[in-house]
2 protein chains.
Amino acid sequence: MSKSKNKELLELIEKLGFDIEERLRLSPLASRIYALLILSSYDGVTFEEVKETIKASKSSISVNINVLIQLGYITFITKPGDRKRYFKIAKYSSILSLEIYLQSIDNEMKIVNRINKFNQEYHPEKYINEKSLGNIFQNYLEQKEQLVKETILKMSNFRKLDK
Amino acid sequence: MSKSKNKELLELIEKLGFDIEERLRLSPLASRIYALLILSSYDGVTFEEVKETIKASKSSISVNINVLIQLGYITFITKPGDRKRYFKIAKYSSILSLEIYLQSIDNEMKIVNRINKFNQEYHPEKYINEKSLGNIFQNYLEQKEQLVKETILKMSNFRKLDK
DNA sequence: AGATTAGTTCGTTTAATTACGAACTAAGTG
DNA sequence: CACTTAGTTCGTAATTAAACGAACTAATCT
(Lines give C-alpha, C1' and ligand atoms only; values in the text may rest on other atoms or scores of the structure.)
Protein backbone atom coordinates (compact mmCIF):
# COMPACT_ATOMS: atom_id res chain seq x y z
CA MET A 1 0.00 0.00 0.00
CA SER A 2 1.41 3.37 -1.02
CA LYS A 3 2.38 5.78 1.69
CA SER A 4 -0.04 8.49 0.64
CA LYS A 5 -2.93 6.05 0.29
CA ASN A 6 -2.29 4.78 3.78
CA LYS A 7 -2.11 8.24 5.27
CA GLU A 8 -5.34 9.28 3.59
CA LEU A 9 -6.95 6.00 4.64
CA LEU A 10 -6.06 6.47 8.29
CA GLU A 11 -7.27 10.04 8.28
CA LEU A 12 -10.55 9.07 6.66
CA ILE A 13 -11.04 6.22 9.11
CA GLU A 14 -10.81 8.73 11.95
CA LYS A 15 -13.24 11.18 10.37
CA LEU A 16 -15.71 8.62 9.07
CA GLY A 17 -15.31 6.48 12.17
CA PHE A 18 -16.30 9.33 14.40
CA ASP A 19 -19.27 10.05 12.20
CA ILE A 20 -20.41 6.43 12.33
CA GLU A 21 -19.94 6.40 16.09
CA GLU A 22 -22.35 9.31 16.40
CA ARG A 23 -24.86 8.22 13.79
CA LEU A 24 -25.09 4.51 14.45
CA ARG A 25 -24.06 4.54 18.12
CA LEU A 26 -21.37 1.94 17.70
CA SER A 27 -18.27 1.71 19.86
CA PRO A 28 -15.23 3.64 18.63
CA LEU A 29 -13.52 0.45 17.55
CA ALA A 30 -16.55 -1.00 15.76
CA SER A 31 -16.98 2.34 14.00
CA ARG A 32 -13.39 2.39 12.83
CA ILE A 33 -13.62 -1.16 11.54
CA TYR A 34 -16.81 -0.34 9.70
CA ALA A 35 -15.18 2.78 8.27
CA LEU A 36 -12.20 0.74 7.09
CA LEU A 37 -14.45 -1.69 5.25
CA ILE A 38 -16.36 1.15 3.61
CA LEU A 39 -12.98 2.34 2.32
CA SER A 40 -11.84 -1.10 1.17
CA SER A 41 -12.28 -3.13 -1.98
CA TYR A 42 -14.89 -5.75 -2.75
CA ASP A 43 -12.31 -8.47 -2.24
CA GLY A 44 -12.60 -7.99 1.52
CA VAL A 45 -10.08 -7.42 4.25
CA THR A 46 -8.62 -10.11 6.51
CA PHE A 47 -8.75 -10.12 10.29
CA GLU A 48 -5.01 -9.54 10.33
CA GLU A 49 -5.25 -6.56 7.97
CA VAL A 50 -7.95 -5.01 10.13
CA LYS A 51 -5.76 -5.51 13.18
CA GLU A 52 -2.74 -3.95 11.48
CA THR A 53 -4.64 -0.95 10.16
CA ILE A 54 -6.70 -0.16 13.22
CA LYS A 55 -3.95 -1.10 15.67
CA ALA A 56 -6.05 -2.72 18.36
CA SER A 57 -5.85 -6.04 20.16
CA LYS A 58 -6.95 -9.30 18.59
CA SER A 59 -9.70 -9.76 21.16
CA SER A 60 -11.15 -6.30 20.68
CA ILE A 61 -11.12 -6.70 16.92
CA SER A 62 -12.84 -10.07 17.25
CA VAL A 63 -15.58 -8.79 19.52
CA ASN A 64 -16.28 -5.74 17.42
CA ILE A 65 -16.26 -7.54 14.09
CA ASN A 66 -18.84 -9.93 15.50
CA VAL A 67 -20.99 -7.07 16.73
CA LEU A 68 -20.95 -5.57 13.24
CA ILE A 69 -21.87 -8.94 11.70
CA GLN A 70 -24.69 -9.43 14.21
CA LEU A 71 -26.11 -6.01 13.45
CA GLY A 72 -25.93 -6.73 9.73
CA TYR A 73 -23.52 -3.95 8.79
CA ILE A 74 -20.76 -6.24 7.53
CA THR A 75 -20.34 -9.80 6.22
CA PHE A 76 -17.47 -11.94 5.10
CA ILE A 77 -16.58 -14.28 2.31
CA THR A 78 -14.33 -17.29 2.39
CA LYS A 79 -12.11 -18.61 -0.35
CA PRO A 80 -11.65 -22.32 -1.06
CA GLY A 81 -8.51 -23.71 0.51
CA ASP A 82 -8.10 -20.63 2.68
CA ARG A 83 -9.12 -20.59 6.30
CA LYS A 84 -9.19 -16.82 6.52
CA ARG A 85 -12.34 -14.78 6.37
CA TYR A 86 -12.50 -11.74 4.14
CA PHE A 87 -14.61 -9.03 5.71
CA LYS A 88 -16.53 -6.45 3.70
CA ILE A 89 -19.55 -4.22 4.10
CA ALA A 90 -22.88 -6.00 3.80
CA LYS A 91 -24.74 -5.52 0.56
CA TYR A 92 -27.66 -3.84 2.26
CA SER A 93 -25.78 -1.88 4.86
CA SER A 94 -26.80 1.54 3.55
CA ILE A 95 -30.44 0.49 3.40
CA LEU A 96 -30.14 -0.89 6.90
CA SER A 97 -28.89 2.44 8.25
CA LEU A 98 -31.77 4.26 6.60
CA GLU A 99 -34.28 1.81 8.02
CA ILE A 100 -32.97 2.42 11.50
CA TYR A 101 -33.17 6.14 10.84
CA LEU A 102 -36.75 5.76 9.65
CA GLN A 103 -37.68 4.13 12.92
CA SER A 104 -36.17 7.00 14.86
CA ILE A 105 -38.21 9.49 12.82
CA ASP A 106 -41.40 7.55 13.54
CA ASN A 107 -40.50 7.50 17.19
CA GLU A 108 -39.94 11.25 17.18
CA MET A 109 -43.31 11.83 15.51
CA LYS A 110 -45.03 9.87 18.25
CA ILE A 111 -43.31 11.84 20.97
CA VAL A 112 -44.09 15.17 19.31
CA ASN A 113 -47.76 14.17 19.20
CA ARG A 114 -47.76 13.39 22.88
CA ILE A 115 -46.02 16.68 23.69
CA ASN A 116 -48.68 18.55 21.73
CA LYS A 117 -51.51 16.78 23.49
CA PHE A 118 -49.91 17.42 26.85
CA ASN A 119 -49.33 21.12 26.25
CA GLN A 120 -52.74 21.51 24.68
CA GLU A 121 -54.29 20.14 27.86
CA TYR A 122 -52.11 21.68 30.51
CA HIS A 123 -50.61 24.80 28.91
CA PRO A 124 -53.26 25.93 26.40
CA GLU A 125 -51.80 29.43 26.08
CA LYS A 126 -48.42 28.07 25.14
CA TYR A 127 -49.99 25.52 22.84
CA ILE A 128 -51.89 28.16 20.89
CA ASN A 129 -48.87 30.40 20.63
CA GLU A 130 -46.65 27.54 19.42
CA LYS A 131 -49.24 25.97 17.14
CA SER A 132 -47.90 27.31 13.86
CA LEU A 133 -44.36 26.48 14.82
CA GLY A 134 -45.50 23.01 15.76
CA ASN A 135 -47.21 22.60 12.43
CA ILE A 136 -44.06 23.60 10.58
CA PHE A 137 -42.11 21.06 12.55
CA GLN A 138 -44.65 18.30 12.09
CA ASN A 139 -44.66 19.02 8.39
CA TYR A 140 -40.90 18.82 8.35
CA LEU A 141 -40.94 15.42 10.04
CA GLU A 142 -43.51 14.09 7.57
CA GLN A 143 -41.51 15.25 4.59
CA LYS A 144 -38.34 13.81 6.02
CA GLU A 145 -40.07 10.50 6.64
CA GLN A 146 -41.30 10.50 3.07
CA LEU A 147 -37.84 11.26 1.72
CA VAL A 148 -36.26 8.44 3.69
CA LYS A 149 -38.94 5.98 2.57
CA GLU A 150 -38.43 6.95 -1.07
CA THR A 151 -34.69 6.62 -0.75
CA ILE A 152 -34.99 3.16 0.76
CA LEU A 153 -37.26 2.18 -2.12
CA LYS A 154 -34.87 3.54 -4.74
CA MET A 155 -31.97 1.71 -3.17
CA SER A 156 -33.92 -1.54 -2.94
CA ASN A 157 -34.88 -1.30 -6.59
CA PHE A 158 -31.31 -0.66 -7.55
CA ARG A 159 -30.16 -3.63 -5.55
CA LYS A 160 -32.62 -5.90 -7.35
CA LEU A 161 -31.10 -5.05 -10.72
CA ASP A 162 -27.63 -5.71 -9.38
CA LYS A 163 -27.15 -9.47 -9.36
CA MET B 1 -50.42 19.71 40.19
CA SER B 2 -52.94 16.92 39.61
CA LYS B 3 -51.81 13.37 40.12
CA SER B 4 -52.49 12.27 36.53
CA LYS B 5 -50.73 15.34 35.11
CA ASN B 6 -47.69 14.62 37.18
CA LYS B 7 -47.58 10.97 36.19
CA GLU B 8 -47.90 11.84 32.52
CA LEU B 9 -45.30 14.57 32.91
CA LEU B 10 -42.76 12.25 34.48
CA GLU B 11 -43.34 9.61 31.85
CA LEU B 12 -42.97 12.13 29.04
CA ILE B 13 -39.81 13.55 30.58
CA GLU B 14 -38.30 10.06 30.45
CA LYS B 15 -39.30 9.45 26.84
CA LEU B 16 -38.52 12.90 25.52
CA GLY B 17 -35.42 13.18 27.67
CA PHE B 18 -33.98 10.04 26.17
CA ASP B 19 -34.77 11.32 22.70
CA ILE B 20 -33.05 14.65 23.40
CA GLU B 21 -30.07 12.81 24.85
CA GLU B 22 -29.65 10.96 21.57
CA ARG B 23 -30.41 13.81 19.20
CA LEU B 24 -28.64 16.71 20.87
CA ARG B 25 -25.99 14.69 22.73
CA LEU B 26 -26.71 16.24 26.07
CA SER B 27 -26.17 14.51 29.40
CA PRO B 28 -29.13 12.57 30.80
CA LEU B 29 -29.80 15.23 33.38
CA ALA B 30 -29.55 18.16 30.96
CA SER B 31 -31.88 16.29 28.62
CA ARG B 32 -34.45 15.73 31.33
CA ILE B 33 -34.35 19.37 32.37
CA TYR B 34 -34.76 20.48 28.79
CA ALA B 35 -37.65 18.03 28.38
CA LEU B 36 -39.32 19.41 31.50
CA LEU B 37 -39.14 22.95 30.18
CA ILE B 38 -40.57 21.88 26.82
CA LEU B 39 -43.49 20.49 28.80
CA SER B 40 -43.92 23.54 31.00
CA SER B 41 -45.74 26.81 30.67
CA TYR B 42 -44.44 30.15 29.40
CA ASP B 43 -44.28 31.41 32.96
CA GLY B 44 -41.15 29.40 33.54
CA VAL B 45 -40.09 26.92 36.19
CA THR B 46 -38.01 27.70 39.26
CA PHE B 47 -34.75 26.01 40.21
CA GLU B 48 -36.52 24.40 43.13
CA GLU B 49 -39.33 23.06 40.95
CA VAL B 50 -36.83 21.57 38.55
CA LYS B 51 -35.03 19.95 41.47
CA GLU B 52 -38.29 18.54 42.85
CA THR B 53 -39.51 17.18 39.54
CA ILE B 54 -36.25 15.73 38.25
CA LYS B 55 -35.08 14.57 41.67
CA ALA B 56 -31.39 15.31 41.35
CA SER B 57 -28.95 17.21 43.53
CA LYS B 58 -28.76 20.98 43.64
CA SER B 59 -25.26 20.99 42.21
CA SER B 60 -26.12 18.76 39.28
CA ILE B 61 -29.19 20.82 38.47
CA SER B 62 -27.12 23.99 38.62
CA VAL B 63 -24.39 22.70 36.33
CA ASN B 64 -26.80 21.30 33.78
CA ILE B 65 -29.06 24.34 33.68
CA ASN B 66 -26.01 26.44 32.96
CA VAL B 67 -24.93 24.11 30.18
CA LEU B 68 -28.36 24.45 28.59
CA ILE B 69 -28.21 28.24 28.90
CA GLN B 70 -24.70 28.33 27.42
CA LEU B 71 -25.80 26.24 24.45
CA GLY B 72 -28.80 28.49 23.93
CA TYR B 73 -31.51 25.90 24.46
CA ILE B 74 -33.06 27.58 27.47
CA THR B 75 -33.26 31.04 29.09
CA PHE B 76 -34.77 32.49 32.18
CA ILE B 77 -36.79 35.47 33.21
CA THR B 78 -36.77 37.30 36.52
CA LYS B 79 -39.64 39.00 38.24
CA PRO B 80 -39.27 42.31 40.06
CA GLY B 81 -38.91 41.82 43.77
CA ASP B 82 -38.20 38.12 43.38
CA ARG B 83 -34.71 36.72 43.49
CA LYS B 84 -35.67 33.46 41.81
CA ARG B 85 -35.06 32.77 38.18
CA TYR B 86 -37.82 31.30 36.05
CA PHE B 87 -36.42 28.94 33.46
CA LYS B 88 -38.09 28.27 30.14
CA ILE B 89 -37.10 27.11 26.67
CA ALA B 90 -35.38 29.71 24.56
CA LYS B 91 -37.44 31.33 21.86
CA TYR B 92 -35.25 30.00 19.09
CA SER B 93 -34.47 26.61 20.53
CA SER B 94 -36.17 24.63 17.78
CA ILE B 95 -34.39 26.65 15.10
CA LEU B 96 -31.14 26.13 16.97
CA SER B 97 -31.56 22.36 16.93
CA LEU B 98 -32.23 22.42 13.21
CA GLU B 99 -29.18 24.58 12.59
CA ILE B 100 -27.00 22.12 14.44
CA TYR B 101 -28.57 19.33 12.42
CA LEU B 102 -27.88 21.24 9.22
CA GLN B 103 -24.22 21.42 10.12
CA SER B 104 -24.09 17.69 10.66
CA ILE B 105 -25.64 17.10 7.24
CA ASP B 106 -23.04 19.36 5.63
CA ASN B 107 -20.34 17.52 7.45
CA GLU B 108 -21.69 14.20 6.24
CA MET B 109 -21.78 15.45 2.66
CA LYS B 110 -18.13 16.40 2.87
CA ILE B 111 -17.16 13.02 4.21
CA VAL B 112 -19.21 11.21 1.58
CA ASN B 113 -17.40 13.20 -1.10
CA ARG B 114 -14.05 12.21 0.29
CA ILE B 115 -15.08 8.57 0.48
CA ASN B 116 -16.14 8.68 -3.15
CA LYS B 117 -12.87 10.25 -4.26
CA PHE B 118 -10.92 7.72 -2.25
CA ASN B 119 -12.77 4.71 -3.61
CA GLN B 120 -12.71 6.13 -7.12
CA GLU B 121 -8.95 6.36 -6.95
CA TYR B 122 -8.10 3.20 -5.03
CA HIS B 123 -11.02 0.84 -5.64
CA PRO B 124 -12.31 1.79 -9.10
CA GLU B 125 -14.24 -1.46 -9.56
CA LYS B 126 -16.13 -0.91 -6.34
CA TYR B 127 -16.65 2.73 -7.13
CA ILE B 128 -18.24 1.96 -10.51
CA ASN B 129 -20.46 -0.72 -9.03
CA GLU B 130 -21.61 1.54 -6.20
CA LYS B 131 -21.93 4.65 -8.33
CA SER B 132 -25.72 4.55 -8.73
CA LEU B 133 -26.21 3.74 -5.09
CA GLY B 134 -23.88 6.58 -4.21
CA ASN B 135 -25.85 8.94 -6.40
CA ILE B 136 -29.09 7.96 -4.72
CA PHE B 137 -27.54 8.65 -1.35
CA GLN B 138 -26.00 11.94 -2.40
CA ASN B 139 -29.35 12.97 -3.79
CA TYR B 140 -30.98 12.05 -0.51
CA LEU B 141 -28.54 14.17 1.46
CA GLU B 142 -29.09 17.16 -0.82
CA GLN B 143 -32.85 16.93 -0.51
CA LYS B 144 -32.62 16.56 3.22
CA GLU B 145 -30.36 19.59 3.42
CA GLN B 146 -32.83 21.54 1.33
CA LEU B 147 -35.73 20.48 3.54
CA VAL B 148 -33.93 21.51 6.71
CA LYS B 149 -32.96 24.87 5.22
CA GLU B 150 -36.55 25.54 4.17
CA THR B 151 -37.84 24.58 7.58
CA ILE B 152 -35.40 26.91 9.32
CA LEU B 153 -36.54 29.68 7.01
CA LYS B 154 -40.21 29.04 7.66
CA MET B 155 -39.63 29.02 11.38
CA SER B 156 -37.58 32.22 11.26
CA ASN B 157 -40.32 33.96 9.29
CA PHE B 158 -42.90 32.82 11.76
CA ARG B 159 -40.81 34.09 14.64
CA LYS B 160 -40.56 37.55 13.05
CA LEU B 161 -44.35 37.90 13.02
CA ASP B 162 -44.53 36.85 16.62
CA LYS B 163 -43.63 39.81 18.73
C1' DA C 1 -25.62 42.71 61.59
C1' DG C 2 -27.44 38.05 61.61
C1' DA C 3 -30.20 34.87 59.18
C1' DT C 4 -32.27 33.08 55.14
C1' DT C 5 -32.53 32.24 50.23
C1' DA C 6 -30.72 31.14 45.63
C1' DG C 7 -27.55 29.27 43.36
C1' DT C 8 -22.27 28.00 42.47
C1' DT C 9 -17.83 25.60 42.87
C1' DC C 10 -14.88 21.90 43.52
C1' DG C 11 -13.05 17.55 44.98
C1' DT C 12 -14.74 12.91 45.23
C1' DT C 13 -17.53 8.76 44.24
C1' DT C 14 -20.09 5.81 41.24
C1' DA C 15 -21.16 3.54 37.27
C1' DA C 16 -20.65 2.23 32.76
C1' DT C 17 -17.97 1.64 28.45
C1' DT C 18 -14.25 0.11 26.13
C1' DA C 19 -10.29 -2.19 25.32
C1' DC C 20 -6.80 -5.52 26.74
C1' DG C 21 -4.08 -9.93 27.51
C1' DA C 22 -3.69 -14.64 28.47
C1' DA C 23 -5.54 -18.85 27.97
C1' DC C 24 -8.35 -21.51 25.00
C1' DT C 25 -10.71 -24.01 20.83
C1' DA C 26 -11.07 -25.73 16.41
C1' DA C 27 -9.36 -26.54 11.95
C1' DG C 28 -5.74 -27.38 8.84
C1' DT C 29 -0.43 -28.55 7.97
C1' DG C 30 3.93 -31.05 7.77
C1' DC D 1 0.43 -36.40 16.26
C1' DA D 2 2.78 -32.27 17.22
C1' DC D 3 2.49 -27.48 15.22
C1' DT D 4 0.87 -23.51 13.29
C1' DT D 5 -3.00 -20.54 12.05
C1' DA D 6 -7.39 -18.08 12.81
C1' DG D 7 -10.17 -16.50 15.73
C1' DT D 8 -12.85 -16.71 20.50
C1' DT D 9 -13.73 -16.28 25.48
C1' DC D 10 -13.42 -14.41 29.83
C1' DG D 11 -11.72 -11.99 33.74
C1' DT D 12 -9.37 -7.64 34.42
C1' DA D 13 -7.74 -2.87 33.84
C1' DA D 14 -8.20 1.78 32.15
C1' DT D 15 -10.80 5.58 30.87
C1' DT D 16 -14.62 8.58 30.88
C1' DA D 17 -18.92 10.55 31.99
C1' DA D 18 -22.18 11.76 35.26
C1' DA D 19 -23.86 12.90 39.48
C1' DC D 20 -23.15 13.99 44.33
C1' DG D 21 -22.34 16.57 48.82
C1' DA D 22 -20.22 19.93 51.49
C1' DA D 23 -18.48 24.20 51.69
C1' DC D 24 -18.92 28.65 49.68
C1' DT D 25 -20.71 33.40 47.66
C1' DA D 26 -23.78 36.98 46.91
C1' DA D 27 -28.11 39.04 47.48
C1' DT D 28 -32.14 39.97 50.31
C1' DC D 29 -34.89 40.16 54.53
C1' DT D 30 -35.73 41.27 59.49
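Labels below follow one simple rule: chain letters A, B, ... track the order of the sequence lines, proteins then strands, and each chain is numbered from 1.
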Q: Using C1' atoms of five pairs at each end, report the bend of the helix from C:dA1-D:dT30 to C:dG30-D:dC1 rounded to 10 degrees.
A: 10°

Q: List the residues meeting side chain to side chain contact (heavy atoms under 4.5 Å, CB included) with A:N116, not counting sequence neighbours, and say none if there are none.
A: A:V112, A:Y127, A:Q138

Q: If you look only at pairs with a residue in residues 109-118 of chain A, which of them pass as a salt bridge (Lys or Arg N to Asp or Glu O under 4.0 Å), with sequence neighbours excluded?
A: A:R114-B:E8, A:R114-B:E11

Q: With sequence neighbours excluded, tell me which residues meet salt bridge (Lys or Arg N to Asp or Glu O under 4.0 Å) with B:E121.
A: none

Q: Rounding to a whole Å, what distance do you find between A:K79:NZ and C:dG28:C1'?
A: 18 Å

Q: Would you mind building the protein contact string for nucleotides 16-28 of chain D? One character per nucleotide, 5' to 3', B for base within reach (heavy atoms under 4.0 Å), S for sugar-phosphate only, - for untouched.
A: --SSBBB---BBS

Q: Return the set of residues passing salt bridge (Lys or Arg N to Asp or Glu O under 4.0 Å) with A:E14 (not counting sequence neighbours), or none when no residue passes.
A: A:R32

Q: Between A:N66 (CG) and D:dC10 (P), how many Å, whole number?
A: 13 Å

Q: Check this for me: does any side-chain nitrogen of one of B:E150 and B:K154 sit under 4.0 Å from a carboxylate oxygen of the other?
A: no

Q: B:R85 side chain N/O closer than 4.0 Å to the phosphate oxygens (OP1, OP2) of C:dA6?
A: no

Q: Got a sec, which residues hit side chain to side chain donor-acceptor pair (under 3.5 Å) with B:Q103, two or more places apart in sequence or on another chain?
A: none

Q: Just jot down the side chain to side chain contact (heavy atoms under 4.5 Å, CB included) partners of B:Y86, sequence neighbours excluded, or say none.
A: B:T46, B:I77, B:K79, B:D82, B:K84

Q: Could you state the atom-to-atom distance from NZ of A:K51 to P of D:dT8 in whole Å?
A: 14 Å

Q: Output all residues satisfying side chain to side chain contact (heavy atoms under 4.5 Å, CB included) with B:S132, sequence neighbours left out; order by chain, then residue number.
A: A:F158

